[in-house]
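In this text, all values refer to a predicted model and were calculated from it rather than measured experimentally.
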Amino acid sequence: MKINKKHRKNSNNRHLLGVGLDNDDGHKRVTSSEDFSIIGGSEETHEKMTETLLKTFEYLSRKDKTIDEISREELSDLLS
């Protein structure tokens with residue numbers, strides 16, 4: 001994923017955190033980037049959360065926006 005430099009320059013350090021609680025296979029799953037971290041979950045849940053956040057940041061990049069520049073409501077809509 002290519003994150004536009006604007007994400008770093010104008011960032012107020014807003015960071016998204018996804019936590020999966022349905023892991024019962026003993027694997028420790030962690031995915032992180034400058035903009036988000038995902039911890040735990042089953043393989044399926046972890047992959048779904050990762051895909052959702054990647055698509056969200058790709059969308060914001062196409063709009064030349066960061067998560068710091070959108071409302072909580074907009075972010076919630078993007079994540080749902």
Donor-acceptor contact below 3.5 Å, side chain [X] vs main chain [Y]:
X     : Y     : value
Arg29 : Ile39 : no
Asp24 : Gly26 : no
Asp35 : His15 : no

From [X] [atom1] over to [Y] [atom2], what is the distance, rounded to the nearest 0.5 angstrom?
X     : Y     : atom1 : atom2 : answer
Asp22 : Ser42 : CG    : OG    : 3.5 Å
Met49 : Leu17 : CE    : CG    : 9.0 Å
Ser33 : Leu53 : OG    : CG    : 8.0 Å

### Task
Output, in order, the C-alpha distance, side-chain angles, deciding distance and verdict of side chain to side chain contact (heavy atoms under 4.5 Å, CB included) for Ser71 and Glu74.
CA-CA 5 Å; Ser71 68; Glu74 279 183 280; 3.5 Å; yes
Partners passing side chain to side chain contact (heavy atoms under 4.5 Å, CB included) against [X] (at least two apart in sequence or in another chain):
X     : value
Glu47 : Glu43
Thr56 : Thr52, Leu60, Leu75, Leu78, Leu79
Thr31 : Phe36, Ile38, His46, Thr50
Arg72 : Arg14

### Task
Please identify each residue that fulfils salt bridge (charged side-chain N to carboxylate O under 4.0 Å, His left out) with Glu51, with sequence neighbours left out.
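By the salt bridge (charged side-chain N to carboxylate O under 4.0 Å, His left out) rule, Glu51 matches Lys55.
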### Task
Could you list the residues that satisfy salt bridge (charged side-chain N to carboxylate O under 4.0 Å, His left out) with Asp77, not counting sequence neighbours?
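With sequence neighbours excluded, Asp77 shows a salt bridge (charged side-chain N to carboxylate O under 4.0 Å, His left out) to no residue whatsoever.
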### Message
Please find the pair of heavy atoms, one from Glu69 and one from Asp64, that lie closest to each other, and give the distance.
### Response
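Smallest heavy-atom distance, with atoms named: OE1-O, 3.9 Å.
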### Query
Is there a side-chain contact between Phe57 and Thr66, using heavy atoms and a 4.5 Å cut-off?
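Side chain of Phe57 against side chain of Thr66, heavy atoms only: no contact under 4.5 Å found.
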